Amino acid sequence: MIRAGRGRRTAALASLPVLPLAWFVALQEHPPWMPAAYLGYLLVVIVVPGTMFWRRLTGGVGWFAADVILGTSFGLACEALLYPLGMLFHLPFAALLMPALAFGMWRALPRRKLPERPTPWWAVAGLMVAVGAAAAWFVRVGARLIPLNGPEALRPATDAPHNLALAGELAHHFPPRVPYADGKWLTGHWAAYDHIASAHWITSVPLDVLTHRMVPFAWILLAVLGAAAVAMVLTGRAVAAPIAAGLVVAGGDLVAWPWAVSDRVFADGPFSLGQLTNPPQAFSTVLLLPLIAVTAVLLRRRPGTTRGQLFRLFVAAGVLVAALALTKSTALPVYATGLAVAWTYLTVRAGRLNLRALLLGVGVAAAYALTFFLVLRGVASSVRFDPGATFDSLADRMGGGRAVTVIAVVVVVGWVMPLFGALLIKRRLARDPMVVFLVAGFVAALLGASLLADHGDTQLFFVRTGFVLGVLLASWGLGSLQGRQYWVAAVALGIGVAAIYWGRYRSDGSCTSSSCFGQGLVVALVIAAIGIGVFGLVLRGSRRTWAVITVAVLVGTTVSPTVASVRRFASPPLTEYESIAPGGIEAARFIRRNSGADDRIATNVHCHQARSSHCGTGSYWIAGYTERRVLVQGWAYQTRADDTYPAAVQGPYWNQDQLKLNDEVFTNPTRQLLETLRTKYGVQWLLLDDRVSTPPKNLDKLTDLRFQQGTVRVYQLYPPPPETPYPTKTPTTTPTPSPSFTTSPTYPTQPTYSLPTTSPAPTTTPTPPYPTGPAPTQLTTTPGLQSP
């Protein structure tokens, strides 16, 4: 007979294969070796070393499963700091030092058995259900958001090529420069791309597959599992794990409204589409969760903590803070605000300074200052104080701004829904400093998104960063229930779901008036109120029961964003035009195969749409797919190219002389112009799009046409042939007794002609799309790193 403990352990282990199965199913469009290689990299280089480092520094959080999840995120933080150090010495495989160091720790340091509690089988099974739902969502939505192949791959939005360009830059250069407008240092946060670049070097998986598929999906799964692990740490109960994972997958704001779901900027939960289109945002969520766990251990003052253990805890927090500071500018302010309020609360309650929170705050301030001066290079933020501008912008996106007040109310109400979960936290636990920390951070995130403004509504990332704090609060409250109360909460959640769906059904998706918006919201709230009242009277419960019903109904009204986004965003949000030139991806990959990492490209492509009446200077695909720097391509992202633009993101390029020289090569090329590009700016390749300008007739004579497909031509620049191809021999004549010679004999001059290069340029016969032999490349003096 199998004992009950062993049977539960077996049941828990039986559900674990859901994780690798979900991984391979979600990535089924790729050859099996790609997801297998990345999964092996994640396990060997990140999971095992990260878990060992995490448990050695923190002493564990009480559950081995939670330690593995949080240790994986900690391993990613270590990799984000280690990879740039390796690149400084041209060692892109520096992440392999992590398993080597972990093995050394295992052999050299004494082993300690940490106190642990078994994770119930039903908690593990609940986590795997959330993982399965996340995989299904990714197959339905995430894997279709950014096409990688076929005609649709030529019509991406601006963000996808931009992310690929930054990943390619970090894969070959450090410190990074702006790859699509070379010449300026990159003044943006880049730590999220360290993992992509490191995985590319070690696994040889293509960068576009990593950037748009595998890494985002891995980080989504870590956000789901990480929230579950932190919920266990905060509540001390395993039941909080499946609740938190479920809220990450299914919860959110009021994005399900038809007039709101038309724009994915409203999906502000940790499971939103922003996790796919913005790697720094997704990575910041992954790093923030273990930092919250370490903060909880420090602020709660675990009894029996020695000075050595306390020092190791601060080391773990320092690593996470440093990695977070390099990842996303909206992450640390939210965390710092919650920490400051918690420090004030602890200081006032104890009547003396709380040194632990103070040291954490000093570390955060130091990390932010170093990032500002060393990474952002002192560039002032473009975020401005403009209360209500966020809602004006959102109203403009939904029909002309005739219902700004109602839109603002609906959006804010949708944001604060998870905050009601704090009402269910038991009174004796309400004095926990982590409750104060989560509430303060969440409110700060909402205020930041409501009071600040920026080009492109980047202030909304404050909500996307802080929303996970609301999920943890709701999980904490729901995880505090007992026995029968869970059945009450489940029914109440269903009432909330029914209310929001009925309200959506009553709301016209194309409405633009305040009455239209208000009608659907009122219907939903009325149904929710009736459901609360009827269900509460039927149960005849206590105040606690009424609170459970009310909070669960309110949280249930946010459960529909995932379902709505699956239906709404099943088709990729592509442009109506080909922002990437036909044949451009193949041409870019040709350059990547036949060039060095330090080769530079000049192009006539600057606009996102070729030959458009309004030039959106947001073209980055050449730098992305070639993994090489481009002299001048796009420059729409102001803070990522140069902050001296006089007209914001769509201003003129900062160096007009350089831009003029670049463009003149594609309209009226001369040998002198080409030599200036080659010698002064280090350009070895030209990529010309026929849609932008017709190829000059003499360009084929001055350069070497290497590739032609679709509307794209690729030329390679070579040094000009020497004026005297062969060295002239000076004759040595011997004196002759004949007096008739008065002059030295003359030698016939050699005819002047140009020597053929290693790869002759085609004249009448077009160059085939895929040359059979390797191409010579004029490398710069500093050898670059060649991509695998």
Side-chain angles (χ1 to χ4, degrees), residues 189 227 230 234 251-253 268-270 272 274 280-281 284-285 287-289 291-296 298-299 317 320-321 324-325 327-348 354 357-358 360-365 367-369 371-372 381-391 408 411-423 425 430 432-454 457-477 558:
H189 296 78
V230 176
L234 294 176
D253 49 23
D268 291 320
S272 67
Q281 175 59 36
S284 66
T285 302
L287 297 179
L288 182 62
L289 289 168
L291 181 57
I292 294 173
V294 175
T295 304
L298 283 170
L299 298 188
L320 292 167
V321 167
L324 196 61
T327 300
K328 191 68 178 175
S329 59
T330 56
L332 270 188
V334 172
Y335 173 81
T337 303
L339 184 63
V341 176
W343 172 77
T344 303
Y345 168 74
L346 289 172
T347 299
V348 171
N354 186 279
L358 183 61
L360 277 177
V362 171
V364 170
Y368 194 87
T371 302
F372 179 75
S381 174
S382 58
V383 176
R384 66 187 186 278
F385 182 75
D386 192 355
T390 298
F391 309 113
V411 170
V412 172
V413 169
W415 284 343
V416 301
M417 283 296 183
L419 196 61
F420 289 100
L423 299 176
I425 300 176
D432 193 310
M434 292 308 297
V435 175
V436 178
F437 169 85
L438 294 175
V439 172
F442 187 71
V443 172
L446 302 187
L447 292 177
S450 303
L451 301 179
L452 303 177
D454 186 33
D457 290 333
T458 56
Q459 71 276 6
L460 287 171
F461 284 107
F462 283 107
V463 175
R464 293 170 184 167
T465 297
F467 208 88
V468 70
L469 306 184
V471 169
L472 294 175
L473 281 170
S475 303
W476 196 341
T558 71

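Throughout, residue positions are numbered sequentially from 1 according to the sequence presented. The shown structure was predicted, so the numbers you read here are calculated from the model rather than taken from an experiment.
Remark: Thr330 OG1 to Asp454 CG distance equals 11.0 Å, nearest 0.5 Å. One finds the CG atom of Leu469 at 9.0 Å from the OG1 atom of Thr465 (value rounded to the nearest 0.5 Å). Here the CG atom belonging to Leu298 is positioned 10.0 Å from the CE atom belonging to Met434, to the nearest 0.5 angstrom. For the atom pair Leu234 CG and Thr295 OG1, the distance stands at 10.0 Å (nearest 0.5 Å). Atom CD of Gln459 sits about 8.0 Å away from atom CZ of Arg384, to the nearest 0.5 Å. For the atom pair Leu360 CG and Leu291 CG, the distance stands at 7.5 Å (nearest 0.5 Å).
Listed here is the closest heavy atom pair of Leu332 and Ala325: CD1-CB, 3.5 Å. Taking both residues in full, the closest heavy atoms of Ala357 and Leu299 are given as CB-CD2, 3.7 Å, listed atom of the first, atom of the second, then distance. The minimum heavy-atom distance linking Ala445 with Val463 is given by the pair O-CG2, 3.9 Å. Annotation for Ser450 and Trp415: closest pair OG-CZ3, 3.7 Å, computed over non-hydrogen atoms. A pairwise comparison of heavy atoms in Val364 and Ala336 identifies CG1-CB, 3.9 Å as the closest pair. Here the closest heavy-atom approach between residue Ala342 and residue Pro433 is recorded as CB-O, 4.0 Å.
Listed for the Thr390 side chain is a donor-acceptor partner under 3.5 Å among the backbone atoms of Ala449. Side-chain atoms of Thr347 never come within 3.5 Å of backbone atoms of Thr344 as a donor-acceptor pair (strictly under, hydrogens ignored). Checked by atom type and distance alone, the side chain of Trp343 pairs as donor or acceptor with a backbone atom of Asn354 at under 3.5 Å.
In Phe372, the CZ atom is crowded: over 12 heavy atoms of neighbouring residues, nucleotides or ligands sit closer than 6.0 Å.
Evaluated for a side chain to side chain contact (heavy atoms under 4.5 Å, CB included) with Trp476, the options Val471, Leu438, Val230 yield exactly one hit, Leu438. No option in Phe442, Tyr345, Tyr335 other than Tyr335 meets the ring pair (Phe, Tyr, Trp, His ring centres under 6.0 Å) test with Phe437.
Cation-pi check for Arg464 over Phe461 is met; the charged atom lies under 6.0 angstrom from the ring centroid and within 45 degrees of its normal.
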Please determine whether side chain to side chain contact (heavy atoms under 4.5 Å, CB included) holds for the pair Ile425 and Asp432, giving the CA-CA distance in whole Å, both sets of side-chain angles, and the decisive distance to 0.1 Å. CA-CA 10 Å; Ile425 300 176; Asp432 193 310; over 6 Å; no
Given the rule in the side chain to side chain contact (heavy atoms under 4.5 Å, CB included) test, do Val412 and Leu446 qualify, once you have shown the distances and angles that lead to the verdict? CA-CA 8 Å; Val412 172; Leu446 302 187; 5.7 Å; no
Test side chain to side chain contact (heavy atoms under 4.5 Å, CB included) applied to Leu287 and Lys328, step by step: CA-CA 10 Å; Leu287 297 179; Lys328 191 68 178 175; over 6 Å; no
